[in-house]
Amino acid sequence: MSSQFFSQDNDVMNVDSGSQESQVEVLKEDFICNLHCIQGKTINLATPHDYYMALAYTVRDRLLDHRLNTSSRYRKHQAKTVYYLSAEFLMGRQLSNNLLNLGIYDDTVEALTQLGLNLQDLVVLEAEPGLGNGGLGRLAACFLDSLATLSLPAIGYGIRYEFGIFDQLIINGVQIERPDKWLRYGNPWEVYRPEASVRVKFGGYTEFHPDESGQMHVRWIGDREITGTPYDTPVPGYQNQTVNRLRLWRAYATEELDFAQFDRGDYIGAVSDKIFSENISKVLYPNDNTYQGKQLRLEQQYFFVSCSLQDIINRYRRQYENFDHFHEKVAIQLNDTHPSIGVAELMRLLVDEYNLGWNRAWYITKHVFAYTNHTLLSEALETWPVSLFESLLPRHLEIIYEINQRFLNEIRSRYPGDLDRLSRMSLVQEDPEKKIRMAHLSCVGSYCINGVAQLHTDLLKAQVLPDFHDYWPQKVQNKTNGITPRRWLLLSNPQLSKLISSKIGQDWITDLDQLRGIEPYADDPEFQQEWQQIKYDHKVALAEHILLFNDLEVNPDSLFDIQVKRMHEYKRQLLNVLHIITLYYRIKQNPGLNLVPRTFIFAGKAAPGYFMAKMVIQLINAVARVVNHDPEVGDRLKVVFLAGYSVSLGQKIYPAADLSEQISMAGKEASGTGNMKFALNGAVTIGTLDGANIEIREEVGEENFFLFGLTASQAQALKAKGYDPKSYYHWNRELKMVMDGMAKREFSPENPELFQPIIDSLLDRDEYLLFADYADYINCQERVSQAYQDRASWTRKSILNTARIGKFSSDRAIAEYARDIWHIHPVYSS
Ligand SMILES: *Cc1c(COP(=O)(O)O)cnc(C)c1O
């Protein structure tokens with residue numbers, strides 16, 4: 001990695017940096033000191049991991065220093081703070097990002113070099129904190145980066161899962177899951193804060209009791225109690241002296257209860273109860289975009305939400321004596337419905353613990369919460385059985401019933417006689433089982449609801465929450481997602497960053513719209529040549545990865561056609577496979593066919609219980625085995641499935657892509673953010689009019705985007721009139737051949753039935769309209785191949801994708817949330 005690049009030339013932001021030379025000296029000294037004092041090693045005896053830890057602590061010291069200053073600055077300004085509640089934070093590796101944001105990247109490279117060490121060798125030793133499934137958790141991480149970069153007072157709150165998203169192995173083409181032991185060697189980035197622990201109750205019953213004045217109050221007598229202890233991870237902004245934090249809660253057994261049990265002589269029982277309590281923060285549920293109604297999951301949600309709200313209140317009360325200013329100083333964002341029990345929990349804390357009247361507590365609550373909806377899929381909507389609430393959170397159930405009664409009274413007086421509407425809007429679903437609708441609780445308890453791309457927000461208003469939109473026409477807003485340019489360009493693609501900066505300077509790093517400044521070079525042969533070379537180098541690096549991990553040689557001159565994201569039927573990886581098999585049969589039927597060589601690259605985890613998603617992984621690997629080893633195919637087609645998709649792997653993959661596959665069925669992908677990372681790195685998109693693809697196409701220009709497929713409304717209309725996938729099968733000769741090939745044991749010689757479930761699901765239902773979009777997709781891919789052959793024109797498209805993607809910076813997204821929803825302001829370091 002190039003030196004003299006990551007730090008600003010005129011390092012005005014780094015007031016404490018001193019001269020270059022002394023900074024390097026100080027880094028060396030601190031590193032050696034940490035190696036001695038924390039790792040207990042001399043430089044000669046230390047292992048690479050010792051070096052990594054010593055360096056991490058050296059960086060952490062600097063972060064904590066800024067953290068203290070940031071904290072006192074916020075306190076002094078009595079700044080309103082946003083608290084971002086999310087069950088997932090998919091942060092990615094911390095070391096190089098922190099060096100970059102602190103502005104000490106180059107000096108650290110130099111310090112290590114002088115000690116005979118190489119930074120990249122240490123960076124890869126960090127276990128990725130995979131505390132999220134996919135887009136939702138990664139969004140939370142990008143948002144934290146932008147909040148800090150914009151100097152906005154913010155804390156992220158979540159769960160410190162002991163096991164994050166599972167490790168994915170591919171064995172004989174099949175996904176195997178292994179526990180993610182990311183804490184095995186310790187986590188140098190977190191700071192343990194036992195003094196800030198809080199307690200959380202579960203179960204039991206409620207009772208009424210009068211106070212001195214005879215006023216009735218509710219007391220909740222839980223039957224279990226757990227201690228939540230925070231671990232803080234510093235989150236630095238980009239070279240701005242601001243360091244915010246991510247506070248993650250870990251569940252511990254509350255000791256007093258254990259002692260009682262010990263005293264009764266039940267030693268084993270006490271210890272196993274302890275283990276039981278600590279299960280709460282043990283493991284991340286590995287479902288993406290699907291709800292799993294497990295008790296432990298609701299326990300996790302309530303646990304981290306209750307800890308966080310208690311913490312927020314404790315912080316507030318250190319500065320204010322009553323709750324009059326609470327909603328002026330606190331905004332709480334609910335990242336999906338996962339933390340939505342917070343609405344009932346804040347009511348409980350205010351009414352039961354702080355003795356506020358219901359109306360006052362409700363006023364505060366609905367002026368504090370805002371809710372982000374992340375999905376249109378009905379299977380992802382959380383509804384918890386009333387019976388589960390009764391046993392786990394009896395007081396919250398009472399509160400939700402009370403909120404509901406008052407809410408339905410309002411609806412009744414606004415829409416007299418409209419009983420259907422009442423049952424549609426109720427927080428309680430009656431049939432087939434009595435359940436609490438968490439999305440409705442979120443809507444009623446929040447002052448703002450947002451979707452994550454324009455189409456998604458439009459569909460929310462029209463189809464998912466039409467009654468709520470009708471009742472509160474101002475409440476639903478759009479906030480199109482974004483990604484942080486620091487991690488997803490500067491860090492993952494320093495070569496392209498450097499080329500861009502050589503033309504337009506470095507301000508684009510915190511003002512991504514400035515990338516428009518490279519548009520004038522889109523046709524410049526010299527610039528194009530450098531652009532192509534950088535893309536090529538990333539393809540070579542990815543090819544090396546593929547050789548190492550998949551034992552397959554791929555040609556970096558071929559078109560790298562990439563689809564990486566969670567495996568899900570609606571994302572239609574299977575449509576991509578149908579295209580590959582189509583090309584394969586074209587070659588088999590016409591061995592001399594002149595095809596633009598392509599390397600198809602997939603990566604993504606399937607939820608362990610998602611049969612179809614796992615079957616698609618198996619199909620991709622089965623097709624790969626046939627296609628990659630058919631001498632008749634040769635170099636024209638290669639198919640790769642990379643195991644263990646993660647943020648770190650993504651940082652290798654996005655810069656190496658020529659073509660970005662964003663082919664979900666229109667109306668299903670709320671936004672997508674992978675689409676933005678690809679385009680930022682100069683990949684051209686083939687995609688449907690879904691999620692943020694629509695806005696990406698508007699920005700980059702339709703001539704720089706390969707569009708195909710039905711629109712969301714066409715897709716709905718087709719389904720409404722009765723969709724018959726078999727008719728497409730019978731009418732499209734190629735499609736029939738592809739499907740028959742899959743059935744005729746072509747890709748599963750030793751098990752002819754293997755892929756029957758895929759075939760059946762397509763021919764019988766084809767829920768996601770693959771057949772309806774097949775012909776247009778195949779045609780569109782032909783246009784891609786043709787366009788790719790004209791190098792200059794393709795490179796122009798690539799450059800313009802990068803140049804015009806500025807809107808999709810998470811800095812823009814966060815500035816909009818801050819202005820339109822949170823009403824918070826930056827607190828700059830002077
Ligand atoms: C960006 C990202 C995602 C989201 O990708 P989509 O294509 O938007 O679904 C998922 N996982 C990881 C690791 C990511 O970095």
Side-chain angles (χ1 to χ4, degrees), residues 86 88-93 97 128-145 164-168 180 182 284 286-290 335-336 374-377 380 452-453 455-456 480-489 491-493 561-573 575-576 601-607 613 642-657 659-665 668-681 683 685-688 690-696 805 808-810 813:
S86 179
E88 305 186 8
F89 287 91
L90 194 49
M91 297 293 282
R93 286 185 179 138
N97 188 253
E128 176 169 323
L131 308 187
N133 275 286
L136 175 141
R138 184 56 229 174
L139 184 77
C142 284
F143 278 6
L144 292 186
D145 182 87
I165 188 67
F166 62 85
D167 285 338
Q168 178 194 52
D180 160 44
W182 72 290
L284 168 73
N287 306 304
D288 185 73
N289 266 312
T290 6
N335 196 24
D336 211 319
H374 280 274
T375 182
L376 299 160
L377 304 181
V452 292
L455 172 69
H456 172 229
T480 299
N481 282 167
I483 57 168
T484 169
R486 272 72 64 187
R487 185 175 292 267
W488 296 113
L489 187 55
L491 197 58
S492 63
N493 202 338
D561 176 338
I562 307 190
Q563 187 170 23
V564 293
K565 47 181 76 252
R566 284 299 288 249
M567 301 300 297
H568 211 299
E569 284 165 290
Y570 84 81
K571 292 176 183 275
R572 302 201 295 192
Q573 281 94 353
L575 181 60
N576 190 338
I601 298 167
F602 295 85
K605 292 175 183 177
L642 288 171
Y645 185 51
S646 62
V647 172
S648 322
L649 189 54
Q651 288 175 215
K652 267 196 182 178
I653 291 176
Y654 295 113
L659 187 65
S660 158
E661 297 269 355
Q662 306 300 335
I663 60 178
S664 53
M665 173 185 156
K668 294 291 178 187
E669 188 74 271
S671 164
T673 49
N675 46 7
M676 302 166 188
K677 300 170 203 165
F678 276 112
L680 180 60
N681 284 278
T685 304
I686 181 167
T688 49
D690 200 13
N693 293 355
I694 297 173
E695 292 159 72
I696 291 175
I805 206 71
F808 304 96
S809 169
S810 46

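For ligands, and for the atoms within them, numbers begin at 1 and follow the listed sequence.
Among all protein heavy atoms, the one lying closest to atom 5 (O) of ligand 1 is Gly674 N, 3.7 Å. Shortest contact from atom 11 (N) of ligand 1 to any protein heavy atom: Tyr645 CE2, 3.5 Å. Considering only non-hydrogen protein atoms, atom 9 (O) of ligand 1 sits nearest to Lys571 NZ, 2.8 Å. Here the protein heavy atom with the shortest distance to atom 8 (O) of ligand 1 is Thr673 N, 2.8 Å.
In this structure Asp336 satisfies the salt bridge (charged side-chain N to carboxylate O under 4.0 Å, His left out) test with no other residue, sequence neighbours excluded.
Of the residues Thr673, Leu136, Asn481, the one that meets the side chain to side chain contact (heavy atoms under 4.5 Å, CB included) test with Val452 is Asn481.
Atoms of ligand 1 found under 4.0 Å from any heavy atom of Trp488, numbered from 1 in the order shown, are 15 (O). Residue Gly672 has at least one heavy-atom neighbour below 4.0 Å for each of these atoms of ligand 1: 8 (O). In summary, the atoms of ligand 1 found under 4.0 Å from a heavy atom of Gly135, numbered by their order in the structure, are 3 (C), 4 (C), 10 (C).
Scanning Ser648, Ser646, Ala603, Ser671 for the heavy atom closest to atom 13 (C) of ligand 1 points to Ser646. With distances taken over non-hydrogen atoms, the option nearest atom 14 (C) of ligand 1 out of Lys565, Gln651, Arg138, Lys677 is Lys677.
Using a 4.0 Å cut-off between heavy atoms, Arg566 makes no contact with ligand 1 at all.
Residue Ser492 holds its OG atom at 12.5 Å from CZ of Arg486, rounded to the nearest 0.5 Å.
No hydrogens or angles considered: nothing links the side chains of Asn289 and His374 as a donor-acceptor pair under 3.5 Å.
The shortest side-chain heavy-atom distance between Met676 and Ile696 falls under the 4.5 Å cut-off. Between Lys565 and Gln573 there is a side-chain heavy-atom pair separated by less than 4.5 Å.
For the pair Phe678 and ligand 1, no heavy-atom separation below 4.0 Å is found.
At distances below 3.5 Å, at least one donor-acceptor pair connects side-chain atoms of Arg566 with backbone N or O atoms of Lys605.
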* **Stepwise side-chain hydrogen bond (donor to acceptor under 3.5 Å, both in side chains) check, Asn576 with Gln563** => CA-CA 8 Å; Asn576 190 338; Gln563 187 170 23; 3.1 Å; yes

